[in-house]
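See structure below.
Residue numbers start from 1 in every chain, and the chains themselves are labelled A, B, ... in the order their sequence lines are given, proteins ahead of strands.
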2 protein chains.
Amino acid sequence: MATSGTGSRPPTIADVARAASVSRTTVSHALNGIGKVDPRTRERIKQVAAELGYRPNLRAQRLRRGEAKAIALASSMPFAVAGGASRLGFYMEVAAAAAESALLHGYALVLVPPVRSGSALYSVDIDGAIVVEPDRDDAAVAQLRERGLPYVALGRPTAEGDDSPYVDLHGGPVADLLLAHLREQGARRPALLVGAGARHSAVDARAAYLRAAAAHGWPPVVATAPEEGGEQAGYEACAALLAEHPDTDAVCALVDAFAVGAVRAVRDSGRRIPDDVMVVTRYDGLRARTCEPPLTAVDLHLDQATADAVDLLLARLRGETAATPAAATAPEPRVVPRASSLRRPPPRP
Amino acid sequence: MATSGTGSRPPTIADVARAASVSRTTVSHALNGIGKVDPRTRERIKQVAAELGYRPNLRAQRLRRGEAKAIALASSMPFAVAGGASRLGFYMEVAAAAAESALLHGYALVLVPPVRSGSALYSVDIDGAIVVEPDRDDAAVAQLRERGLPYVALGRPTAEGDDSPYVDLHGGPVADLLLAHLREQGARRPALLVGAGARHSAVDARAAYLRAAAAHGWPPVVATAPEEGGEQAGYEACAALLAEHPDTDAVCALVDAFAVGAVRAVRDSGRRIPDDVMVVTRYDGLRARTCEPPLTAVDLHLDQATADAVDLLLARLRGETAATPAAATAPEPRVVPRASSLRRPPPRP
DNA sequence: CTGAAAGCGCTTACAG
DNA sequence: CTGAAAGCGCTTACAG
């Protein structure tokens, strides 16, 4: 409470020890509740510490204890997708959830913006990281490995030998769900548009799509676009796709930026949405909701998934490697039907 | 490059010194570019360090140097407003911009979620913070002051003697802009709905509104609602306002959650938007854009303002108190007209 | 129950 | 130009 009249720098453990006429060892024990101190001594020390306004120096504690008590959120997703224009995307939604969850456990969340080349992860003092949807050769993952830092992936890692823990975002089932929805709405020749990278969301969706195409007898049409390209790349890929496969009646564009570009391409080709071509996407964010027409998307329960990822990471940091499950499973994804794919009124549950 | 075959823990400066047959002092000088080392020695040391894969221990550096190289983003804004339902708000938009700006300067951004009571700021090792729109008696500011940490406000601080640097978000001019827009669209009796707190956005807007009311001969109608109340509070305040002042023909609801609630209240009272009552808000985020009808809002140039705030803070940390301006000024705000207030087609510039 | 001492990995006067 | 030594503020065996 009271401000120490002594000097200007904050009091150290030595100041407390002196004021309480004990050793620094005893102060440390008393304040950290290690059970080897006389209860009365402990109380006295606590009181003195409070009077002096003592707070342990976090830097010193961390050097000594060998931990940063901080984790980072990192991603190799290109800026155009992860941030860009309105910036309010997948990444920041995950960031908010992760910060809350981390702080609840006494960890700080360091927000590493999706940097282009980024030696970013080297200059930040952290114990580990959450990597959002790592690519097969992910820059963020590479940096973490080189630093020897543990990480948990949000979304199944696709790199060869990567057996790091992860939270499953259900890449395949999400695609299945969207394709089922399209079929239900009358689509007979849906095409798939995915990022050129090898993130689980693209890889698993492609596999699911090919399976569905075989099952239903669709001619499979899969287009890819560079993630860095954002809306424009989606536009171009979709325009090319429609030119080559004019009987396409639905586009499943898993990156929201692509989906918005696809909507433009569909319109520019003289087709109507959803009557001639439906468009659906995955992440239910600003882009999907403000698109004209609003895009059917998927509720991924990102909050829950992110909290699970943080839990997984912290368990690993605690060294519970044995007890820690190798993966958590986010809640069931759910389609949020909107005008971009609704030819019939949505079924009332 | 090469992994040291020695042990498993990362090499320290002592390892480098040993391998290069010099003292730790010299290694430190060589690596930090302090100009007292023979160029050839320096090169040799650098090479050895690289071979060993040496990276300075950030914890140790920071303890020694007495700085955390991290800043926090903090806010006392209630969760319902700052995060809540879709979480994609003002706060996260600022977070993204701040993280990028901070990292560019070698600082990490710690994301402190708008916690309810929050001793949050005590457990985080930072050199300073950006506080978003501090209230007159702001919890985050109080914690920072008690820790003796410098901070910069995003939005003019309203506390009595608070002369901390800040970035002006133009609370008054924003209100003027919105009111002028409403007048232009034909409103003759606009009401103001603000948060009950004393953040600059509420305080300055109220003053601007009263000034405008006097100038144009409106009967001033100002309602307040608790920020924690979110949409529902906005609904109730607006419903009461309309009951008491039935000839209100526009509502300027500066908190986006309030504005969305206001839209419902207007409709439930049997009035149409914008024909009977227009509704406008300040922050142009997800809520404003996805509202039905979409809400007229203001482009605050948050990116630029946030970058300025970070610059201001870092200048203060560098001790450039003298050279540091006491305030920066965000770019001119600009109205983004939408259906919620457009009775006439927008003027073509 | 309490304390003297070592050490976490750096940096920086200070002396040579 | 180079190094021995002190010290940043803690915690933790270890000894009493």
Side-chain angles (χ1 to χ4, degrees), chain A residues 4 6-46 48-49 52-69 106 122-123 125-127 147-148, chain B residues 4 6-46 48-49 52-69 106 122-123 125-127 147-148:
Chain A
S4 117
T6 328
S8 55
R9 343 184 313 294
T12 74
I13 197 172
D15 297 323
V16 178
R18 201 173 308 120
S21 312
V22 294
S23 72
R24 295 179 318 182
T25 305
T26 303
V27 174
S28 181
H29 283 169
L31 263 32
N32 291 314
I34 304 181
K36 306 160 193 167
V37 182
D38 182 296
R40 285 162 313 196
T41 315
R42 180 194 306 276
E43 271 323 302
R44 189 162 49 85
I45 292 177
K46 281 190 171 172
V48 169
L52 258 44
Y54 169 72
R55 292 193 195 288
N57 178 308
L58 296 171
R59 245 107 65 190
Q61 271 184 337
R62 279 151 203 191
L63 171 58
R64 180 54 232 241
R65 291 182 173 153
E67 53 181 25
K69 281 285 184 186
Y122 286 128
S123 61
D125 186 26
I126 48 174
D127 298 313
R147 276 188 62 179
Chain B
S4 115
T6 328
S8 53
R9 345 182 313 293
T12 73
I13 197 173
D15 297 325
V16 177
R18 200 173 310 122
S21 311
V22 293
S23 73
R24 293 177 321 179
T25 305
T26 304
V27 175
S28 181
H29 283 168
L31 264 32
N32 291 314
I34 304 184
K36 307 161 191 167
V37 182
D38 183 297
R40 283 162 314 195
T41 315
R42 180 194 306 277
E43 272 323 302
R44 189 161 49 84
I45 292 177
K46 282 191 170 170
V48 169
L52 256 43
Y54 170 73
R55 292 194 194 289
N57 179 308
L58 297 172
R59 245 107 64 188
Q61 269 184 337
R62 278 152 204 191
L63 172 58
R64 179 55 231 241
R65 291 181 173 153
E67 52 180 27
K69 280 289 184 181
Y122 286 128
S123 60
D125 187 26
I126 48 175
D127 297 313
R147 275 188 64 179

Return the 5'-most residue of the pair A:Arg64, A:Pro39 with respect to DNA chain C, ranking by each residue's nearest nucleotide.
A:Pro39

Using atom types as modelled and distance alone, determine if a side-chain donor or acceptor of A:Arg62 lies under 3.5 Å from a backbone N or O of A:Lys69.
no

Any luck finding a side-chain donor-acceptor pair between B:Thr26 and B:Ser23 under 3.5 Å?
yes

Euclidean distance, A:Arg59 CZ relative to A:Asp125 CG, rounded to 0.5 Å
11.0 Å

For the residue pair B:Tyr54 and B:Thr12, what are the closest heavy atoms and their distance?
CE1-C, 3.5 Å

Among A:Val27, A:Asn57, A:Leu31, which residue satisfies the side-chain contact (heavy atoms from CB on, under 4.5 Å) criterion with A:Ile13?
A:Val27

Return the residues of residues 24-32 of chain A meeting this criterion: a heavy atom under 4.0 Å from some atom of DNA chain C. Order them by number, or give none.
A:Arg24, A:Thr25, A:Thr26

Secondary-structure notation, DNA chain C, from Watson-Crick and G-U pairs under 3.5 angstrom (| other strand)
|||.||||||||.|||

On a heavy-atom basis, which atom in B:Arg65 and which in B:Asn32 lie closest, and how many Å separate them?
NH2-OD1, 3.8 Å

Atom CG of A:Asp15 and atom CZ of A:Arg9: how far apart are they, to the nearest 0.5 Å?
6.5 Å

Touch check for A:Arg42, heavy atoms < 4.0 angstrom, all strands: base, sugar-phosphate only, or nothing?
nothing

Could you check whether B:Arg40 gets within reach of a base, just the sugar-phosphate, or nothing at all, counting any heavy atom under 4.0 Å?
nothing

Check B:Pro56 against B:Gln61 and note the closest heavy-atom contact, atom names and distance.
CB-NE2, 3.5 Å

For the CG atom of B:Leu63 and the CZ atom of A:Arg64, what is their distance to the nearest 0.5 Å?
12.5 Å

Name the residue closer to the 5' end of DNA chain D, choosing between A:Ile13 and B:Val22 according to the nucleotide with the nearest heavy atom.
B:Val22

Between A:Arg44 and A:Thr41, is any pair of side-chain heavy atoms under 4.5 Å apart?
yes

Chain B on DNA chain C: first and last contacting nucleotide, 5' to 3', under 4.0 Å to a heavy atom?
C:dG9 to C:dA13

